[in-house]
Amino acid sequence: MTSPLRELLAIDQRQALEFFVVRLQDISEPTVDRDELIYNASVLAHYAQVSTYPGTDGPTPANLSAVFDHFVADTTLRRDPAMMEIAGAQCLLMAGFFEQQMRARHNIRWYAQLGAGFFSRAAAYEPSPYRARLFDALARGFEPWRQRHARLSRELREQPFLLPPPVPPPSP
């Protein structure tokens with residue numbers, strides 16, 4: 001296997017996080033909060049490496065209906081900050097990064113409000129003051145972050161290749 005292909009197939013969590021940090025920095029204003037940027041990059045990196053198959057721990061939702069079914073229909077999770085964080089992150093991912101795919105079936109604005117509410121609940125019940133402040137900031141800035149995710153998704157789709165094409169071996 002060639003080196004670039006081996007690197008592509010063997011991406012670890014750190015490399016995935018670095019990939020999304022750099023790309024989010026490229027499309028964000030210089031004044032964007034660094035902790036929020038890293039958190040958003042970690043959401044994208046995490047879900048880039050997690051299957052939609054339910055056998056895994058915390059699967060990637062297939063669509064916004066799955067988020068609704070799991071976090072809105074089940075009211076027992078509303079006081080659990082970890083579950084509200086996951087719900088907010090999944091709304092951000094699906095309504096942001098996958099906005100184009102979700103728009104035909106789902107009201108993106110409504111899910112953005114729902115996602116902001118999830119982060120707000122996570123902040124209210126989070127015992128760590130640092131994480132509570134971060135979740136509160138994510139709730140207040142949900143829409144700009146959702147738009148950044150959507151923009152990043154569009155820009156990545158417009159890039160035909162992230163790896164350089166292979167160079168043919170020299171003729172003998």
Side-chain angles (χ1 to χ4, degrees), residues 13 16-17 19-29 32-157:
Q13 292 172 336
L17 179 61
F19 176 87
F20 286 110
V21 165
V22 168
R23 269 122 194 117
L24 281 174
Q25 281 176 328
D26 289 347
I27 64 166
S28 296
E29 311 76 35
V32 76
D33 182 83
R34 180 83 176 153
D35 290 340
E36 291 179 45
L37 184 129
I38 291 171
Y39 181 87
N40 277 274
S42 74
V43 166
L44 293 169
H46 171 76
Y47 286 112
Q49 296 185 309
V50 174
S51 173
T52 58
Y53 181 69
T56 64
D57 182 37
T60 303
N63 54 43
L64 285 165
S65 295
V67 175
F68 180 89
D69 291 346
H70 188 77
F71 297 105
V72 177
D74 182 355
T75 60
T76 63
L77 305 174
R78 292 189 178 164
R79 292 180 183 251
D80 183 335
M83 295 307 290
M84 290 296 96
E85 176 189 4
I86 291 169
Q90 289 184 359
C91 279
L92 192 54
L93 175 75
M94 301 310 288
F97 197 80
F98 292 107
E99 173 189 27
Q100 185 175 356
Q101 294 89 329
M102 297 296 116
R103 188 167 290 289
R105 287 192 60 208
H106 303 284
N107 181 330
I108 299 299
R109 180 176 299 209
W110 187 80
Y111 276 96
Q113 292 170 345
L114 190 63
F118 287 142
F119 277 125
S120 184
R121 273 194 214 99
Y125 294 107
E126 174 58 49
S128 162
Y130 168 76
R131 289 178 57 82
R133 280 192 300 277
L134 177 62
F135 295 152
D136 183 61
L138 291 167
R140 287 182 284 107
F142 191 93
E143 183 58 21
W145 280 112
R146 189 200 66 73
Q147 289 176 14
R148 289 181 193 106
H149 283 232
R151 179 176 171 198
L152 176 60
S153 177
R154 283 189 304 275
E155 288 186 9
L156 290 174
R157 276 193 315 276

Answer yes or no: are there more than 12 heavy-atom neighbours, outside Gln25 itself, under 6.0 Å from its atom CD? yes
Quick check against the 3.5 Å criterion: does Asn40 have a side-chain atom that pairs as donor or acceptor with the backbone of Glu36? yes
Side chain proximity check, Arg157 to Gln100, heavy atoms < 4.5 angstrom: yes
Indicate yes or no: at least one non-hydrogen side-chain atom of Leu152 is less than 4.5 angstrom from one of Leu44. yes
For Tyr39, is there any backbone N or O sitting under 3.5 Å from a side-chain donor or acceptor partner on Ser42? yes
Spacing of Leu138 atom CG and Phe119 atom CZ [to the nearest 0.5 Å]: 5.0 Å
In the structure I gave you, are the side-chain heavy atoms of Phe71 and Cys91 within less than 4.5 Å of one another anywhere? no
For the residue pair Pro144 and Gly141, what are the closest heavy atoms and their distance? CD-O, 3.1 Å
Lys/Arg-Asp/Glu bridge criterion (N-O < 4.0 Å) met for Arg23, Glu155: no
Considering all heavy atoms, the nearest Ser28-Arg148 contact: OG-CD, 3.3 Å
Minimum side-chain heavy-atom gap Leu156-Phe19 below 4.5 Å: yes
Tyr47 and Gln90, any side-chain heavy atoms less than 4.5 Å apart: yes
With rounding to the nearest 0.5 angstrom, report the CG to CD1 distance, Leu64 to Ile108. 5.5 Å
Polar side-chain atom of Asp136 near backbone of Ala139 as donor-acceptor pair, under 3.5 Å: no
For the atom pair CG (Leu24) and CG (Leu37), what is the distance rounded to the nearest 0.5 Å? 5.0 Å
Interatomic distance, CD1@Ile38 vs CG@Leu17, rounded to 0.5 Å, equals 7.5 Å
Parallel, tilted or perpendicular: rings of Trp110 and Phe68 (30°, 60°): tilted
Between Phe20 and Ala48, what is the shortest heavy-atom contact and its length? CE1-CB, 4.0 Å
In Å and rounded to the nearest 0.5 Å, what is the CZ to NE2 distance from Phe98 to His149? 11.0 Å
To the closest 0.5 Å, what do you measure between CD (Glu99) and CZ (Arg146)? 4.5 Å
Shortest non-hydrogen contact from Phe118 to Gly88? CB-N, 3.6 Å
Please tell me if the side chains of Arg131 and Pro81 come closer than 4.5 Å, counting only heavy atoms from C-beta onward. no
Taking side chain as C-beta onward, heavy atoms only, is Arg34 less than 4.5 Å from Val21? yes
For residues Met94 and Pro61, determine if any side-chain heavy atom of one lies less than 4.5 Å from a side-chain heavy atom of the other. yes
